[in-house]
**Q** 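Let me begin by handing over the structure; questions about it come next.
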Amino acid sequence: MASFEADINQRIWQVVAAIPRGRVSTYGEIARRAGMPGAARRAGAALKALHGQTRIPWHRVLNASGRISLPPGSSAALTQRQRLEDEGVAFKPNGSVDMKQFAWDSEV
DNA sequence: GTACTGACCAGAT
DNA sequence: CATCTGGCCAGTA
């Protein structure tokens, strides 16, 4: 049996890939859907492992506050915001996204 | 093996 | 709003 760790990453990426365009989710939600409730950090580690080279829509994942969890001003953070706005996800002046409106599991 | 860190989270102060 | 605390799991030194 191969270690489950590698499969866990695949699981996480699969969940992220399932986020509809124009919607966002959180690390906690991703972890929960991947079968590891409470392991939000694991989700972050899995996305970091992609290091940008992937077709997985990692930019649709925000932290529980609805904010980009990457260093402000960093290349990755700017790319994430750019791609989300391009998909129709709006950022408030304070730099957060309205989860009530754009969360994957949320209805308008 | 231990210790520290991190694209986290929720609750308390 | 800022700060701290405990919890979670994996990667790194």
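Each chain gets a letter, A, B and so on, in the order the sequences are listed, and its residues count up from 1.
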**Q** Among the nucleotides C:dG11, B:dC9, B:dA7, which one has an atom lying closest to any side-chain atom of A:Arg42?
**A** C:dG11
**Q** Please determine if A:Arg55 forms a cation-pi arrangement with A:Trp13, meaning its NZ or CZ atom is less than 6.0 Å from the six-membered ring centre and no more than 45° off the ring axis.
**A** no
**Q** Rounding to an integer number of Å, can you tell me how far A:Asn9 CG sits from C:dC9 C1'?
**A** 11 Å
**Q** Look at the side chain of A:Arg41 and the base of C:dG7, then say whether one donor and one acceptor between them are separated by less than 3.5 Å.
**A**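 Under the 3.5 Å cut-off, the side chain and the base do form a donor-acceptor pair.
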**Q** Rounded to whole angstroms, how far apart are OH on A:Tyr27 and P on B:dA10?
**A**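 Going from OH in A:Tyr27 over to P in B:dA10 covers 14 Å.
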**Q** Does the pair A:Arg60/A:Glu87 count as a salt bridge with the N-to-O cut at 4.0 Å?
**A**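 Yes, charged N to carboxylate O under 4.0 Å.
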**Q** Between C:dC8 atom P and A:Ile30 atom CD1, what is the distance in whole Å?
**A** 21 Å
**Q** Could you please name the option among B:dC9, B:dA7, C:dC9 that lies closest to any side-chain atom of A:Ala64?
**A**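 Comparing B:dC9, B:dA7, C:dC9 against the side chain of A:Ala64, the answer is B:dC9.
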**Q** Does the side chain of A:Tyr27 reach to within under 4.5 Å of the side chain of A:Leu47, using non-hydrogen atoms?
**A** yes
**Q** For the P atoms, the ones on C:dG7 and on B:dA7, what distance do you get once it is rounded to whole angstrom?
**A** 22 Å
**Q** Can you measure A:Met36 atom CE to C:dC8 atom C1' for me and round it to whole angstrom units?
**A**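 My rounded result for the distance is 10 Å.
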**Q** Please state how far atom CZ in A:Arg32 lies from atom P in C:dG7, giving the value in whole angstrom units.
**A**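 Computing the A:Arg32:CZ to C:dG7:P distance gives 22 Å.
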**Q** What contact category does A:Ala45 fall into here, base, sugar-phosphate, or nothing, at under 4.0 angstrom with non-hydrogen atoms?
**A** nothing
**Q** Do A:His59 and A:Gln82 get their side chains close enough for a donor-acceptor pair, meaning under 3.5 Å?
**A**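 Looking only at side-chain atoms, A:Gln82 and A:His59 do not form any donor-acceptor pair under 3.5 Å.
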**Q** Kindly indicate whether the side chain of A:Arg67, heavy atoms from C-beta on, has any atom under 4.5 Å from the side chain of A:Asn94.
**A**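 Sidechains of A:Asn94 and A:Arg67: in contact.
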**Q** For A:Ile8 and C:dC8, what is the distance between atoms CD1 and C1' respectively, to the nearest whole Å?
**A** 14 Å
**Q** Rounding to a whole Å, what distance do you find between A:Lys48:NZ and C:dG11:P?
**A**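 Result: 10 Å.
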**Q** To the nearest Å, give me how far apart CD1 (A:Ile12) and P (C:dG11) are.
**A**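 Going from A:Ile12 (CD1) to C:dG11 (P), I get 10 Å.
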**Q** Rounded to whole angstrom, note down the C1' distance from C:dC8 over to B:dT5.
**A**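 C:dC8 and B:dT5 have their C1' atoms separated by 14 Å.
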